[in-house]
**Student:** 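Here it is, the structure in full.
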Amino acid sequence: MLTLKLPDGSVRQVAEGTRPRDVAAAIGKRLAQAAVAAKVNDKVVDLDSELPAGNGETSFQILTDKDKEALAVLRHSCAHIMARAVMRLFPGVQLAFGPALENGFYYDIDAPTPIREDDFPRIEEEMRKIVAEAEPFERFERSVDEARELVRDLGQGYKVEHIDDDLKRYPSLSFYRQGEFIDLCRGPHIPHAGKVGAIKLLSIAGAYWKNDSSRRQLQRLYGTAFFNQKDLDAYLNQLEEAKKRDHRVLGKQLKLFTISPDMVGSGLILWMPKGAIVRGILEAFIKDELLKRGYQPVYTPHIGRLTMYETSGHYPYYKKSQFARTPANPFQPDVHGHRDFLRQFIAVRNQLPEHQARVEEAALEQDQKFTHEVVPEIEEVDPRFPGVEYRKGDLQKKHDILSAWLDVQEPETYLIKPMNCPHHIQIYKAEPHSYRDLPVRLAEFGTVYRYEKTGELSGMTRVRGFTQDDAHLFVTAEQIEAEIGSNIDLVLFVLSSLGLNDYRVRVGLRDPNSDKYVGKPENWQKAEQTLIEVVKSRGMNYSAEEGEAAFYGPKIDFVVRDCIGREWQLGTVQLDYNLPERFNLEYIGKDNAAHRPVMIHRAPFGSMERFMGILIEHFAGAFPLWLAPEQARIMPVSERFRDYGEKVENELKANGFRVHGDYRPEKIGYKIREAQLEKIPYMLVVGDKEQSAGTVSVRDRVDGDLGAMQLVELIQRLGEEVNERRIRQVSTASAGLSDRDAQFGD
RNA sequence: GCUGCUGUAGCUCAGCUGGUAGAGCACCUCAUUGGUAAUGAGGAGGUCUCGGGUUCAAGUCCCGACAGCAGCUCCA
């Protein structure tokens with residue numbers, strides 16, 4: 001016998017091997033009808049699964065359409081239904097993965113003729129047919145060998161590969177059959193298709209097989225499903241609402257920023273006057289905090305020598321995503337590509353004699369181009385280049401000549417800076433340091449440029465030029481924990497000052513299988529351990545994720561979601577043992593010997609651009625008073641009160657408020673509507689009554705008409721609201737849509 | 001970078017199967033001088049993203065580039 005503990009606390013004895021379906025039926029007919037799946041010991045299972053043998057109490061719950069977990073099961077089943085419909089309509093389709101998501105589901109498929117959005121209606125129609133037939137989902141198991149044979153017979157090559165790559169180790173594999181459709185799948189599923197109330201296909205996109213960009217690209221069909229039409233409509237409506245707070249839409253509407261792809265370039269933000277005010281206030285806000293916390297502001301240039309970035313490791317690790325190098329002499333021919341090739345040539349020739357012939361052939365071909373195109377160019381701009389000798393030399397000699405010349409040229413090449421740290425390191429290095437000086441905290445709003453791929457760009461949240469509220473701390477080993485800790489506090493302070501409470505903390509660790517990181521494994525281990533200890537000791541919720549580290553060290557990131565559910569890293573605190581080593585940083589310790597400091601890289605906002613983008617969405621463009629570009633607008637009821645309006649305007653300006661007067665000959669309703677749409681916190685109406693009483697009528701953006709107020713009273717009210725950085729508009733950071741983490745995998 | 005979709009006035013969009021561009025808002029002018037989310041009338045504004053091609057004729061069809069959107073990959 002098995003003892004089940006139900007959600008209401010009651011206990012029920014059943015025989016081993018009983019199915020949740022039977023338990024539901026025993027409890028009540030209506031529950032049995034409503035049942036979608038069951039939760040046994042916190043694991044969601046099919047209604048038809050056999051309850052496991054167990055000693056002691058087994059927690060047991062029937063899931064119905066009221067439960068969130070049931071919705072995930074439903075959606076996973078809908079992925080199957082969609083795949084079945086697609087296979088009926090598009091013969092020869094191969095299936096890959098089809099999991100449920102937080103807000104829907106997808107299935108990756110490989111179709112001989114690509115599926116297009118125009119095909120959605122007929123796929124949906126076919127799906128509805130399947131739903132109407134309400135056939136059951138039937139589970140069965142096979143050994144690995146039998147399973148492989150089965151998927152092969154079904155013509156599902158990706159499934160075969162998946163079994164061979166990842167599933168071989170299991171004793172048996174489960175399948176689900178629904179009518180003619182059989183799919184390798186872990187489950188669980190709804191009892192039959194009739195449970196589906198509403199479905200909609202949403203979009204189609206490319207996705208790589210097993211998330212590997214070197215593998216075949218498949219088509220990913222996104223859809224969503226609900227138990228009823230009403231929920232689907234509500235969800236679609238929610239999507240529409242979320243789009244309205246998109247910072248790209250609001251940024252345009254409220255004239256906060258613009259982008260000029262054709263003239264300035266895509267991914268480069270132009271801050272318009274209103275956006276610039278908000279940014280300026282944010283910068284002043286954080287700068288003030290930094291000074292209180294012992295930071296020293298510095299300024300550094302936008303470019304630096306290539307040599308520096310080679311030392312730091314930024315180049316060549318990330319050269320693909322950097323803006324082009326700039327030769328100090330603009331006429332210098334671009335021979336670096338050839339340099340790389342020749343160096344490679346030498347390296348390969350020394351190591352792999354069997355490749356010699358092929359490599360030499362390629363080098364000779366390259367030589368033709370060099371002799372006839374590049375060399376004349378070089379000669380023209382650089383009389384020091386021994387062109388004659390080059391021409392008559394053999395390949396080895398030519399290479400020597402070119403290398404020697406390149407070595408002279410190289411230091412004259414500059415890079416537009418992708419990071420601020422190497423510059424700050426040079427400031428640290430400009431003077432000797434005693435242990436007494438540490439921590440040295442150098443801060444700068446440093447603008448960096450990174451050539452992100454076109455498909456990555458997005459409004460203000462992913463750009464090619466951005467300003468980090470950056471700082472680098474040079475600390476002793478003993479100071480690490482305290483400094484990391486106080487930086488976490490700073491990030492938390494910044495986020496809470498702005499009411500950004502909907503974030504998660506990610507500890508980014510190195511991926512041990514990747515070679516993109518610099519530095520010794522011991523240092524990495526030490527750094528990773530320290531970070532985890534600090535977040536643990538603060539009792540913070542965090543997730544440690546491999547492969548999320550910076551190339552020089554692990555980091556703690558504060559991640560938020562935008563209005564359509566995408567995650568973005570804002571604040572970050574990074575620990576780095578590597579750059580100090582690469583740049584030979586030192587301080588003199590108590591023992592009068594040189595020691596190596598440790599670096600902390602940190603940015604509470606992350607970047608001004610991304611932070612602003614998220615902030616726009618967070619407030620839906622309605623900034624709190626302390627940040628609002630225009631805090632109040634004076635609107636006379638008619639032109640006759642312009643003089644009084646200007647008096648009010650000047651008085652408020654004299655008190656440091658950002659106000660404007662709307663003196664156009666328009667009706668008051670018109671002016672109010674406009675100000676409301678511009679999300680101006682306060683509207684100050686002045687007319688006959690106000691003029692004679694020396695008051696203003698205050699209309700609040702949130703609460704509406706507040707009635708008349710003495711000017712001094714208003715000034716005090718606004719002053720308090722600004723000083724307390726009060727946030728008076730309830731708003732959630734994001735609608736929390738479309739988390740694309742898989743919950744169930746096939 | 002990849003897959004799919006899109007690109008018409010400052011903004012949001014219409015323009016059916018090819019026949020020399022249209023609305024609303026914004027803008028400008030005039031009238032109106034008003035009391036808490038749109039006063040009325042008039043005017044100006046477009047090389048239909050760019051470059052090729054098909055055609056008697058291209059905003060419309062085809063090809064390419066660029067850009068935007070969604071997703072994937074990437075993200076120092």
Side-chain angles (χ1 to χ4, degrees), chain A residues 106 108 114-118 202-222 243 246 248-249 252-253 255 258-262 265-267 309 312-315 317-322 417-422 448 450-459 461-463 468 508 516-518 547-553 555 557 564 566 568-569 572 574 576 579 601 635-642 664-678 683-690 697-701 704-708 738 740:
Chain A
Y106 69 76
D108 286 346
I115 293 170
R116 295 152 43 84
E117 275 183 37
D118 299 347
L202 296 172
S203 64
I204 193 161
Y208 298 103
W209 168 232
K210 299 213 169 184
N211 291 338
D212 182 346
S213 59
S214 67
R215 299 206 205 208
R216 174 131 196 201
Q217 190 163 32
L218 310 170
Q219 287 193 294
R220 178 169 294 179
L221 267 64
Y222 284 98
K243 273 190 204 151
D246 188 318
R248 292 164 296 192
V249 174
K252 196 179 273 179
Q253 262 167 25
K255 300 189 165 78
T258 187
I259 300 171
S260 160
D262 296 335
S266 45
Y309 290 102
S312 71
H314 289 101
Y315 192 93
Y317 281 89
Y318 293 98
K319 72 173 166 188
K320 270 176 268 154
S321 54
Q322 285 177 172
K417 73 176 174 190
M419 279 192 108
N420 300 304
C421 25
V448 298
R450 302 173 188 178
Y451 191 83
E452 305 289 1
K453 287 183 274 183
T454 25
E456 314 296 354
L457 300 176
S458 180
T461 45
R462 189 78 183 267
V463 293
Q468 298 175 306
K516 70 171 188 174
Y517 305 97
V518 299
E548 291 293 330
F551 79 92
Y552 48 72
K555 54 184 188 162
D557 291 329
I564 50 175
R566 288 181 292 208
W568 301 102
Q569 171 200 321
T572 181
Q574 316 181 348
D576 173 13
L579 292 186
H601 309 234
M635 7 191 147
V637 163
S638 91
E639 275 185 305
R640 289 193 292 123
F641 309 106
R642 177 175 185 142
R664 295 173 303 174
E666 291 292 348
K667 293 168 97 166
I668 192 67
Y670 181 87
K671 294 181 185 178
I672 287 172
R673 175 182 152 83
E674 202 156 272
Q676 193 78 41
L677 291 174
E678 286 179 50
M683 288 153 266
L684 309 175
V685 178
V686 292
D688 207 5
K689 285 175 283 182
E690 290 78 10
S697 278
V698 181
R699 184 187 165 91
D700 180 84
R701 176 179 64 194
D705 194 354
L706 301 179
S738 96
R740 308 237 127 145

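Note that the structure is a prediction, hence the values are computed from the model and not measured. Sequence lines set the chain letters: A, B, ... in the order given, protein chains first and strands last, and positions in each chain run from 1.
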**Student:** Dump every N/O contact between nucleotides 4-6 of chain B and the protein below 3.5 Å, one line per pair.
**Tutor:**
| from | atom 1 | to | atom 2 | distance (Å) |
| --- | --- | --- | --- | --- |
| C5(B) | OP1 | R116(A) | NH1 | 3.0 |

**Student:** For E452(A), which residues count as a side-chain hydrogen bond (donor to acceptor under 3.5 Å, both in side chains) partner, sequence neighbours excluded?
**Tutor:**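 So E452(A) forms a side-chain hydrogen bond (donor to acceptor under 3.5 Å, both in side chains) with R462(A).
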
**Student:** So, do L579(A) and S312(A) sit near enough that their side-chain heavy atoms are less than 4.5 Å apart?
**Tutor:**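 Result yes, sub-4.5 Å side-chain heavy-atom pair found.
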
**Student:** If you take atom types as modelled and just measure distance, does the side chain of Y670(A) reach the base of G40(B) with a donor-acceptor pair under 3.5 Å?
**Tutor:**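 In this structure, the two groups form no donor-acceptor pair.
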
**Student:** Could you work out the separation of U29(B) and G35(B) based on their C1' atoms and round it to a whole Å?
**Tutor:**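 Pairwise C1' distance, U29(B) against G35(B), rounds to 27 Å.
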
**Student:** Tell me, what's RNA chain B's dot-bracket, Watson-Crick or G-U with both distances under 3.5 Å, | for other-strand, [ ] crossing?
**Tutor:** (((((((..((((.....[..)))).(((((.......))))).....(((((..]....))))))))))))....

**Student:** Say you pick atom C1' in C30(B) and the same atom in C69(B); how far apart are they, in whole Å?
**Tutor:**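 After rounding to an integer number of Å, I get 43 Å for this pair.
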
**Student:** Could you tell me how far apart R450(A) (CZ) and C74(B) (P) are, to the nearest whole angstrom?
**Tutor:**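 Rounded to whole Å, this separation is 17 Å.
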
**Student:** I'd like to know whether Y106(A) forms a ring pair (Phe, Tyr, Trp, His ring centres under 6.0 Å) with Y222(A), so could you lay out the CA-CA distance, the side-chain angles of the two residues, the decisive distance to 0.1 Å, and finally the verdict.
**Tutor:** CA-CA 4 Å; Y106(A) 69 76; Y222(A) 284 98; 5.6 Å; yes

**Student:** Could you tell me how far G7(B) sits from C62(B) if I compare only their P atoms? Round to whole Å.
**Tutor:**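 The same atom, P, in both gives a distance of 12 Å.
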
**Student:** For atom C1', what is the distance between G51(B) and C56(B), given to the nearest Å?
**Tutor:**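 My reading of the C1' atoms in G51(B) and C56(B) gives 23 Å.
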
**Student:** For the pair made of CE in M419(A) and C1' in C75(B), what is the distance, rounded to whole Å?
**Tutor:**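 Value for this atom pair: 12 Å.
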
**Student:** Sort me out a list of protein N/O and nucleotides 8-18 of chain B N/O pairs below 3.5 Å, or just none if empty.
**Tutor:**
none

**Student:** Pick out the pairs of N or O atoms, protein on one side and nucleotides 64-69 of chain B on the other, that lie under 3.5 Å.
**Tutor:**
| from | atom 1 | to | atom 2 | distance (Å) |
| --- | --- | --- | --- | --- |
| C69(B) | OP1 | R248(A) | NH1 | 3.3 |

**Student:** Taking atom P in both A41(B) and G24(B), what distance in whole Å separates the two?
**Tutor:**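 A41(B) and G24(B) have their P atoms separated by 11 Å.
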
**Student:** Work out how far the C1' atom of U55(B) is from that of G68(B), and round it to whole angstrom.
**Tutor:**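 To the nearest whole Å, 31 Å.
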
**Student:** Just how far, in rounded Å, is C1' of C75(B) from OH of Y552(A)?
**Tutor:**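 Those two atoms, OH and C1', are 12 Å apart.
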
**Student:** Pick out the pairs of N or O atoms, protein on one side and nucleotides 34-36 of chain B on the other, that lie under 3.5 Å.
**Tutor:**
| from | atom 1 | to | atom 2 | distance (Å) |
| --- | --- | --- | --- | --- |
| G34(B) | OP2 | R640(A) | NH2 | 3.3 |
| G34(B) | N7 | V637(A) | O | 2.7 |
| G35(B) | O6 | D688(A) | N | 2.8 |
| G35(B) | O6 | K689(A) | N | 3.3 |
| G35(B) | N1 | E690(A) | OE1 | 2.8 |
| G35(B) | N1 | E690(A) | OE2 | 3.3 |
| G35(B) | N2 | E690(A) | OE1 | 3.4 |
| G35(B) | N2 | E690(A) | OE2 | 2.4 |
| G35(B) | N2 | S697(A) | OG | 3.3 |
| U36(B) | O2' | R699(A) | NH1 | 2.8 |
| U36(B) | O2 | R699(A) | NH1 | 3.4 |
| U36(B) | O4 | S697(A) | OG | 3.4 |

**Student:** Has the side chain of R462(A) got a donor or acceptor atom sitting under 3.5 Å from an opposite partner on the base of C75(B)?
**Tutor:**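 In this structure, the two groups form a donor-acceptor pair.
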
**Student:** In whole Å, what separates the P atom of G40(B) from that of U33(B)?
**Tutor:**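 Nearest-Å result for G40(B) against U33(B) at atom P: 15 Å.
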
**Student:** Donor-acceptor pair, distance only, cut-off 3.5 Å: does the side chain of E690(A) make one with the backbone of G687(A)?
**Tutor:**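 Yes: the side chain of E690(A) pairs with the backbone of G687(A).
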
**Student:** Find the distance E674(A):CD to C25(B):P and express it as a whole number of Å.
**Tutor:**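 So the two atoms are 13 Å apart, to the nearest Å.
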
**Student:** Using atom CG of L677(A) as one end and atom C1' of A26(B) as the other, report the distance to the nearest whole Å.
**Tutor:**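 Atom CG in L677(A) sits about 12 Å away from atom C1' in A26(B).
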
**Student:** For nucleotides A23(B) and G1(B), find the distance between their C1' atoms and express it as a whole number of Å.
**Tutor:**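 A23(B) and G1(B) have their C1' atoms separated by 40 Å.
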
